[in-house]
Amino acid sequence: MSSKSSSNGFRLEVLKARGNGVVTTIENISGNATIAELKTQVAQQKPKLYPDRQSYRTEATGKSVKDSQKLSELNVDKTGKIYFKDLGPQIGWSTVFMAEYAGPLFIYLLFYIRPSIIYGSSASSKPIHLAAHLGAACWTFHYAKRILETIFVHRFSHSTMPILNLFKNCSYYWGFTAMVSYFVNHPKYTPPSFGIAQIYLGLAIFLLNELGNLSIHLLLRDLRPPGTTERRIPYPNTTNPFTKLFHFVSCPNYTYEIGSWLGFSLMTQTLTAVLFTIAGAVQMTIWAQGKHRAYKKEFAEKYPKQRKAIIPFFL
């Protein structure tokens, strides 16, 4: 089945990681070829398996290897086989982000600008409370910021994700938007218990955390050179006090985002906003813990030991 590598290359069997069977065979490939180059060759033989859809490992149940690794580094030139996993149909990260963020922008504004469509014709004549006005402004600002960040700021380590994530992510964001906006913009909306002071306190918390979140995103962008997947240890920017949170946590962008929604919940005082905040906090905590572990594994002793994942001194 396998053959030893030579100056002319070697024969490589691409096997299914799950179940039995051969995906394809590369008759003559160099040991110096990278996984990325292997993906290109497989895609030439199997056009449906475009490179972003392919994942490889040296053992059937092993971890995926990086595109930059050479076959000889993985001893694949000696075994003559490598295991393939089909990641399924893919879609660009930026496309997913645009869809999942544009939806909340338009859905929320539908409830706010055209209440008669949702609540009946009499709703348009009802007065709108200050908290509802500010809620619409804050929601619009947040998701407009996210769309602009997707276009101008974010640099993705992977260009695609499974297309099923589009439906899952959109269902989450669009569904929660409808729930939150329904009650905040309802003609019978009950204002916050402590009046103007509570509203403006919540607004201040929201805006400060939005600025902090943007500051972290800009810092993270500058850590990754364009067109690369290089990872570096993030440290605070001496000119921006919002980045000081990197002294305490690995993912301050998530910390600030949770803070934004806490401020929004305080400002609007609705149960659905609180539920949205809790759901987001749980998910972002899971993401932060995963990234924290990855940082510690990759950078080992170089990584700051005092940092937690998302909540300073605690988690």
Side-chain angles (χ1 to χ4, degrees), residues 1-99 150 154-169 220-221 223-233 290-291 293-300 302:
M1 177 178 67
S2 64
S3 61
K4 294 182 180 181
S5 61
S6 66
S7 59
N8 295 323
F10 66 99
R11 183 174 183 270
L12 177 63
E13 286 188 333
V14 180
L15 307 175
K16 294 180 180 179
R18 290 186 178 181
N20 298 320
V22 178
V23 177
T24 189
T25 300
I26 309 296
E27 291 297 339
N28 187 16
I29 188 169
S30 170
N32 290 324
T34 63
I35 293 295
E37 292 169 335
L38 170 63
K39 288 182 177 181
T40 299
Q41 292 200 36
V42 170
Q44 290 173 349
Q45 295 187 15
K46 303 284 184 178
K48 290 184 178 180
L49 299 177
Y50 44 87
D52 286 328
R53 188 169 177 166
Q54 302 175 41
S55 175
Y56 290 96
R57 56 209 63 195
T58 55
E59 299 291 338
T61 58
K63 293 184 178 181
S64 296
V65 296
K66 296 180 180 179
D67 282 359
S68 59
Q69 290 183 275
K70 294 181 179 181
L71 298 180
S72 58
E73 295 172 351
L74 301 168
N75 290 322
V76 171
D77 57 333
K78 295 181 174 61
T79 63
K81 61 184 179 180
I82 195 167
Y83 293 90
F84 162 86
K85 180 180 179 181
D86 185 359
L87 299 177
Q90 300 288 297
I91 189 171
W93 273 88
S94 58
T95 303
V96 174
F97 278 10
M98 291 294 285
T150 299
H154 292 318
R155 291 172 181 163
F156 302 107
S157 57
H158 301 285
S159 58
T160 65
M161 67 167 71
I163 197 168
L164 288 177
N165 285 12
L166 174 65
F167 303 101
K168 180 179 67 175
N169 292 9
L220 291 174
R221 178 202 60 183
L223 280 179
R224 177 172 290 161
T228 74
T229 59
E230 180 182 352
R231 283 162 60 95
R232 302 174 186 170
I233 299 175
K291 291 184 177 183
R293 286 192 296 269
Y295 277 135
K296 291 171 66 177
K297 180 178 180 181
E298 181 172 356
F299 298 109
K302 295 181 181 179

How far apart are the closest heavy atoms of [X] and [Y], and which atoms are they?
| X | Y | result |
| --- | --- | --- |
| Ser68 | Thr34 | O-CG2, 3.8 Å |
| Asn169 | Val96 | ND2-CG1, 3.9 Å |
| Arg57 | Gly62 | NH1-O, 3.3 Å |

Could you give the distance from [atom1] ([X]) to [atom2] ([Y]), rounded to the nearest 0.5 Å?
| X | Y | atom1 | atom2 | value |
| --- | --- | --- | --- | --- |
| Leu12 | Asn28 | CG | CG | 11.0 Å |
| Leu74 | Lys66 | CG | NZ | 11.5 Å |
| Gln90 | Thr95 | CD | OG1 | 12.0 Å |
| Leu38 | Leu71 | CG | CG | 6.0 Å |

Pairs meeting criterion salt bridge (Lys or Arg N to Asp or Glu O under 4.0 Å) with involvement of residues 35-49, two or more places apart: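 For residues 35-49, and leaving out neighbouring residues, the salt bridge (Lys or Arg N to Asp or Glu O under 4.0 Å) pairs sorted by first residue read Lys39-Asp67.
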Residue pairs involving residues 16-29 (criterion salt bridge (Lys or Arg N to Asp or Glu O under 4.0 Å); sequence neighbours excluded): Arg11-Glu27
With sequence neighbours excluded, residues passing side-chain contact (heavy atoms from CB on, under 4.5 Å) with Ser72: Asn32, Lys70, Asp77
Asn75 side chain reached by Thr58 side chain, heavy atoms, under 4.5 Å: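 SC-SC contact between Thr58 and Asn75 ruled out.
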Flag side-chain contact, heavy atom, 4.5 Å: Ile35 against Ile82: yes
Where at least one partner belongs to residues 13-38, residue pairs that pass ring-ring contact (aromatic ring centres under 6.0 Å, His included), sequence neighbours excluded: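 For residues 13-38, and leaving out neighbouring residues, there are no ring-ring contact (aromatic ring centres under 6.0 Å, His included) pairs at all.
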ring-ring contact (aromatic ring centres under 6.0 Å, His included) contacts touching residues 42-68 (sequence neighbours left out):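 Only Tyr56-Phe84 qualify under ring-ring contact (aromatic ring centres under 6.0 Å, His included).
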Heavy atoms of other groups near Phe167 CZ, more than 12 under 6.0 Å: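 Counting neighbours around CZ of Phe167, 12 or fewer heavy atoms of other residues, nucleotides or ligands fall under 6.0 Å, so no.
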Non-neighbouring partners of [X] that pass side chain to side chain donor-acceptor pair (under 3.5 Å), sequence neighbours left out:
| X | value |
| --- | --- |
| Gln45 | Thr24 |
| Lys291 | Tyr254 |
| Glu298 | Arg231 |
| Gln41 | none |

Results of ring-ring contact (aromatic ring centres under 6.0 Å, His included) for Tyr295 - residues two or more places apart only: Tyr303
Audit row: Ile91, Met161, side chain to side chain contact (heavy atoms under 4.5 Å, CB included) steps and yes/no: CA-CA 6 Å; Ile91 189 171; Met161 67 167 71; 4.1 Å; yes
Residues that Arg232 engages under salt bridge (Lys or Arg N to Asp or Glu O under 4.0 Å), provided they are two or more places apart: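 Salt bridge (Lys or Arg N to Asp or Glu O under 4.0 Å) check on Arg232 returns Glu230.
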Residues which pass salt bridge (Lys or Arg N to Asp or Glu O under 4.0 Å) with Glu59, listed by chain and number, not counting sequence neighbours: none
